[in-house]
Structures are given as structure tokens and as C-alpha cells.
2 protein chains.
Amino acid sequence: MKIGELASATATNVETVRYYEKIGLLPAPARTNGNYRSYGVAHLQRLSFIRRARDLGFSLDAVRDLLALTDDREKPCQAVDEIASRHLSEVERKISDLAAMRDELRVVIGNCRHGTVGDCKIIETLGPRVRPDPK
Amino acid sequence: MKIGELASATATNVETVRYYEKIGLLPAPARTNGNYRSYGVAHLQRLSFIRRARDLGFSLDAVRDLLALTDDREKPCQAVDEIASRHLSEVERKISDLAAMRDELRVVIGNCRHGTVGDCKIIETLGPRVRPDPK
DNA sequence: CTTGAGTCTGTAGTGGCTACAGACGGTACA
DNA sequence: TGTACCGTCTGTAGCCACTACAGACTCAAG
């Protein structure tokens, strides 16, 4: 399988595949006579795993850890659970941060009376919350 | 006001203040005899605005646009409203992306039977969804 | 035999900072 | 007066996870 086929089979950019190889996430495949990368099923499986984990928001470091764990089938699953759970809390934290942003943005936008910038409530709300001379 | 005071008054890193100056977001201030940056109230206000907008998730480019708008008080507020509204939809999109991730992560983690990696449902769920030989 | 698509390596850019290194300024205390 | 120490200065490099080239090649179709 050539890199373009692998890439399209996994909905990945060709450049990204090469990047994963460079950072050691995907093993370097054999080469054809013309020096083209030649991938097998194992590569396809591994890249699919990586993509799916990335889609779920795992960092490349986390993916690396997960991949390392899959190599030893005897290890307890706990380490995997831990990585996933840590990531879940991270995602939940991001959601609540964004939800707070969203609520505040709605208030800000809701105040807009569509006049001029001079009496724009959005600008005003964004504007300086200056503490009176902390010095 | 020295850079450290400005920074702590706005909960910003000193490096970030200098970075904002470098990219033209914050005007270069006067210097003292010893070549220290010397800020006035206008800088404090501008940086407060920037920080608040950043806290609400606006990109530096959006902040730049907002700042440009605040300079002409006669302009209609519509442009401001547009930037903010566009940003709000962006935030809402991110929230729903993350919520989808969260839901899927919960399913994945919920499947964990705490055995060994060999029969780990997390790894399995993450694992290759290989379409049978697309060639 | 040419054309065009795919692939190769290597480097640089993105956003928004953050982290140094190495030199200089300013102040508090001995 | 020395000295210790903090803050500040400039400039450069690093972070994440790619993405976008440039310039050279391989290969299959017409």
C-alpha cells in the first residue's frame, strides 16, 4: 500500500502520515524500488488506532502511551483506564470553561443596542476593568 | 508604571506583554533613563481590554479588529456585534464537538472490566475500524 | 515521448505564548 | 563602598500537531 492509499483509508493527510513516522509514532515501512513507502496491514491498523484516539482528543503523547500498552497484552488494563479517565476530566474541564465563555458572550452580545461604537455595550463590557491605581 | 506592575495589574506574564508589543497589539511605551518600559493608564486600559477579550476566547486577530473598532466611536456597532457573534458560534461548535468526545469517552471507559490489556475494551474500542481492503 | 499525478526530502510557518541566556539597572542591607 | 538580589533588557528557540511549500524523483496512461 502506498502512502496515499494509507492516508485516504484513514482520512489522514499524507504529510501527517510522514510526520507520524518522523516522530516515531508510526514505524518506518519498507520501500519500493522507486523509494516509495510500502505499507502493510499492521500499519493500517496502527494508524487507524492513532486517528481514532486523536479524534477522541487524546494528545500524541497519550496516544504513544496507549500504543505502548497495547503491546503487552498481559498488563492490567488499569493504566489504560487511567489515561482515558484523565483525558475525560480534561475534556469535561474544557467544556465547562467554554460554557462559561459562551454564557458571558451571550450576555455581552445581548446587550448590543446596534447603535454606534461610541455607546456600544459590547466594547464597554469588554473594556477596562481597571482597579483604581493599585499603587 | 514598569512592565512588572502592568503585568501583575492585568494578570499577564511579563513576556506576554512584550510579545503583545512585538506583534503590534500594545503600543511601545516611553522608556526610562535605564531603558525600562514606562507605561501609562492608556496602556493599562488597552491591555485590560485585550486580556478580557482573550479570556472570552477571542483570537489575537479578532482582538486586533475589536481594538481598531474602538478607535472610531462614530462607526456603527454592527461590526463589533458581528465579530462577537461569529466567535460565539465558534465557541458553541467547540462545545458540541467536545460534548461528543465526552460522551464517547464515557462509553469507552464504561466498558472497562479492569482485566488485562489483552481483553481491554478501551483498547478494543479505540482499535482499528479497518474497512476490509478498499482496494 | 510527454503529461500529469503521486511521491520523495527537507525546511519553514501557524497561534499564542513560554523559557531560556547573558547582560544591564536599581535598591536594600552590611 | 561592596554585594546580593531582584527586575528588566534583547534575542532566540521551543511548545503542539500539524500544514505548506520547493524542487527533484517515479510511475502509469495515452
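To find a chain, count down the sequence lines: A is the first, B the second, and so on, and within it residues start at 1.
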Just N and O in the side chain of [X]: are any of them under 4.0 Å from OP1 or OP2 of [N]?
{"X": "B:R54", "N": "C:dC17", "answer": "yes"}
{"X": "A:R31", "N": "C:dT9", "answer": "yes"}
{"X": "A:R18", "N": "C:dT9", "answer": "no"}
{"X": "B:S59", "N": "C:dG15", "answer": "no"}

Side chain of [X], heavy atoms from C-beta onward: which of [options] has the nearest atom to it?
{"X": "B:Y19", "options": "C:dG16, D:dT19, D:dC9", "answer": "C:dG16"}
{"X": "A:L60", "options": "C:dT7, D:dC9, D:dA17", "answer": "D:dA17"}
{"X": "B:Y20", "options": "D:dC18, C:dG25, C:dC17", "answer": "C:dC17"}
{"X": "A:T32", "options": "D:dC27, C:dC8, D:dT19", "answer": "D:dC27"}
{"X": "B:K22", "options": "D:dT12, D:dC18, D:dT8", "answer": "D:dT12"}
{"X": "A:R37", "options": "C:dG6, D:dA17, C:dC8", "answer": "C:dC8"}

Taking atom [atom2] of [N] as reference, at what distance in whole Å does atom [atom1] of [X] sit?
{"X": "A:F58", "N": "D:dA17", "atom1": "CZ", "atom2": "C1'", "value": "17 Å"}
{"X": "B:L6", "N": "D:dT8", "atom1": "CG", "atom2": "P", "value": "10 Å"}
{"X": "B:L26", "N": "C:dC17", "atom1": "CG", "atom2": "P", "value": "13 Å"}
{"X": "A:E5", "N": "C:dG6", "atom1": "CD", "atom2": "C1'", "value": "11 Å"}
{"X": "B:L47", "N": "C:dC17", "atom1": "CG", "atom2": "C1'", "value": "14 Å"}
{"X": "A:M1", "N": "C:dT7", "atom1": "CE", "atom2": "P", "value": "12 Å"}
{"X": "A:I3", "N": "D:dC27", "atom1": "CD1", "atom2": "P", "value": "16 Å"}
{"X": "A:K2", "N": "D:dT26", "atom1": "NZ", "atom2": "P", "value": "13 Å"}

Name the residue closer to the 5' end of DNA chain D, choosing between A:N33 and A:E15 according to the nucleotide with the nearest heavy atom.
A:E15

Closest to the 5' end of DNA chain D, once A:N35 and B:N35 are matched to their nearest nucleotides, is B:N35

Interatomic spacing from CZ in B:R52 to CG in B:L66 - rounded to 0.5 Å:
12.5 Å

B:T16 OG1 to B:R18 CZ distance, which is reported to the nearest 0.5 Å
9.5 Å

Using a heavy-atom cut-off of 4.0 Å across all strands, would you classify A:N13 as base, sugar-phosphate, or nothing?
sugar-phosphate

Check if the side chain of A:Y36 and the base of C:dT7 share a donor-acceptor pair of N or O atoms closer than 3.5 Å.
no

Salt-bridge contact B:K2-B:E5 (side-chain N to carboxylate O under 4.0 Å)
no

Answer yes or no: is there an ion pair linking B:R93 with B:E90, defined by an N-O contact shorter than 4.0 Å?
yes

Of all heavy-atom pairs linking B:M101 and A:L56, the shortest is SD-O, 3.4 Å

Donor-acceptor contact below 3.5 Å, side chain A:H43 vs main chain A:L26:
no

